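Right, one structure below, let's go through it.
Just so it is clear, the structure is predicted and the values come from calculations on it, not from any experiment. To find a chain, count down the sequence lines: A is the first, B the second, and so on, and within it residues start at 1.
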There are 2 protein chains.
Amino acid sequence: MTGSRSETAWRILQSAIINGEFPPGAQLRFQELQEFCGMSVSPVREALTRLVAAGLVEVEHNRGYRVTKLVVSELDDLVRTRSRVEGWALEESIRLGDEHWEAALISSLHLLEHLPRRRENGANLHDEHWEARHSEFHDTLVSACGSPILLEFCRTLYSRADRYRRFSLSMETGSRDVAAEHRAILDAALARDADKAKGLLAAHYEATASFIRDHLSEE
Amino acid sequence: MTGSRSETAWRILQSAIINGEFPPGAQLRFQELQEFCGMSVSPVREALTRLVAAGLVEVEHNRGYRVTKLVVSELDDLVRTRSRVEGWALEESIRLGDEHWEAALISSLHLLEHLPRRRENGANLHDEHWEARHSEFHDTLVSACGSPILLEFCRTLYSRADRYRRFSLSMETGSRDVAAEHRAILDAALARDADKAKGLLAAHYEATASFIRDHLSEE
DNA sequence: TCGTCACCGATTTTCGAAAATCTTGACCTT
DNA sequence: AAGGTCAAGATTTTCGAAAATCGGTGACGA
């Protein structure tokens, strides 16, 4: 069992926040978090500090922590920034990636496609298996870019955008064919068509964002 | 005085690490850090957690924290990534920046030029006044890009690259005319020539990096 | 009536020590 | 001599309580 207590607290809280268990804007009180995680204040505090760095939580001195709100303008920022930054990373991956990268890519999409998202009365469930593979696929896309720093930034952007996506997931009607979008990106990448791949990736993000925008503004 | 204890610990340690007071690769022991910061373990630990997020410190579970090493390959990564990312941010700033941005830019360069770097027997001193204004100038360059997320990333990249620059500062011979490079970037930005500005910024980074590479590999 | 200020409970932040874990090196076995 | 075991010391990690701070309430005086 590898992991400190603060590591588990971090996992628990990140997951809870991403899944909306602690809703956007909610105050995070230590007493509650300690009971929620089953540990004392120190590891909880460390986890929160890391979540602040990841942008999922905000802190105001002596006034505690709260879940970062979901704001349309930030979503727009995320989509634009991701399209650019991950576009570069994808371009470099296409330029530098070898046959192992291709194999990993094909593999990760296969795994994603053969674990269908479960649904319940029209709404998608938060299926952690699907989420893990989805994250893995997007990570693999840019994994051969040769820049650890850029890669790390892509992961941060993913997890920040992920909150928005999961928020709208419960309402999504399923009219989109996400799987087809993924496959199209893969095909362009394997064909070494960087411009097409970048464009498809950006469209993929934008399509997701426009969904979310509708749901966010409805409230 | 606004600031928690962990905030001051963060400032103290960040400054000490950037200035090489704790050399790259050095173990950071809590007892020493507590005495160094004049406070107990909790705020020190929180500061370290934040420094890990910033990439200045690394942590291995149950084996403590250590200052991130300076590695040429990471320097290369930083230069490439900064050129790309800050180049884009600069381009957007040039596109979106209004007259207030221009004014802030002229102002920050003026302040930088009129606080000459102090020298002592050929080597540059770590002059925090100069450093603050230098940081401010580079921040202002990209400040009008309209993307808080990108801006935040630029700051992270700056502080990471800063460690390398300061490391080589003590040995630099002063053969470069850094002030002229800054002014050239400013002129291109004011002339709204994004491509030229991006190129000059990238050259600025690369010139700094090639200095550092020499000093790093000498050891 | 309004504003000021001191006090109270709630909450965050920090402390100092206990618990858990790692490292070192002596000692024993093979 | 090489390798393994185990206790002692050093170090990190976590705990539980103390200290500091915040927000609100109500008494008091102008």
Side-chain angles (χ1 to χ4, degrees), chain A residues 1-18 20-69 163, chain B residues 1-18 20-70 152 163:
Chain A
M1 191 70 71
T2 169
S4 60
R5 252 166 145 82
S6 69
E7 186 82 11
T8 9
W10 176 69
R11 259 195 293 271
I12 292 175
L13 293 181
Q14 161 162 283
S15 153
I17 290 172
I18 289 183
E21 206 158 340
F22 295 104
Q27 267 279 358
L28 297 168
R29 296 213 178 66
F30 276 96
Q31 198 172 357
E32 186 185 1
L33 297 185
Q34 288 177 49
E35 290 163 10
F36 191 80
C37 298
M39 54 189 75
S40 182
V41 61
S42 314
V44 169
R45 178 165 254 270
E46 180 164 339
L48 285 175
T49 301
R50 290 174 61 183
L51 291 171
V52 169
L56 272 68
V57 166
E58 287 170 338
V59 58
E60 200 169 356
H61 179 54
N62 276 332
R63 282 203 227 165
Y65 296 79
R66 55 176 57 248
V67 180
T68 304
K69 284 186 186 157
R163 283 188 66 216
Chain B
M1 199 55 71
T2 168
S4 59
R5 248 161 146 83
S6 68
E7 187 82 9
T8 30
W10 176 70
R11 260 194 294 270
I12 291 176
L13 293 180
Q14 163 162 280
S15 152
I17 290 172
I18 288 184
E21 207 158 340
F22 295 104
Q27 266 279 0
L28 297 168
R29 296 220 173 64
F30 276 96
Q31 198 174 357
E32 185 185 2
L33 297 185
Q34 288 177 48
E35 292 163 9
F36 191 80
C37 298
M39 54 189 74
S40 181
V41 61
S42 314
V44 169
R45 178 165 255 270
E46 180 164 339
L48 285 175
T49 302
R50 290 174 60 184
L51 291 171
V52 168
L56 272 66
V57 166
E58 288 169 337
V59 57
E60 200 169 356
H61 179 55
N62 275 333
R63 284 203 223 166
Y65 296 78
R66 55 176 58 246
V67 180
T68 304
K69 285 186 185 157
L70 298 182
E152 186 57 33
R163 284 188 66 218

**Q.** Neighbour count >12 (heavy atoms, 6.0 Å) for atom CD, B/Gln27
**A.** yes
**Q.** Donor on one side chain, acceptor on other, B/Ser40 and B/Ser42, under 3.5 Å
**A.** no
Q. Is any side-chain heavy atom of A/Phe30 less than 4.5 Å from a side-chain heavy atom of A/Glu35?
A. no
Q: Mark up nucleotides 8-15 of chain C, 5' to 3', with B wherever a protein heavy atom is under 4.0 angstrom from a base atom, S wherever such an atom reaches only the sugar-phosphate, and - elsewhere.
A: ---SSBSB
(Q) Under the criterion side-chain contact (heavy atoms from CB on, under 4.5 Å), I'd like the reasoning laid out for A/Gln14 against A/Leu51: C-alpha separation, chi angles, the key distance, then a yes or no. (A) CA-CA 7 Å; A/Gln14 161 162 283; A/Leu51 291 171; 3.9 Å; yes
Q. Considering all heavy atoms of both residues, which atom of A/Leu13 and which atom of A/Leu33 are nearest to each other, and what is their separation?
A. CD2-CD2, 4.0 Å
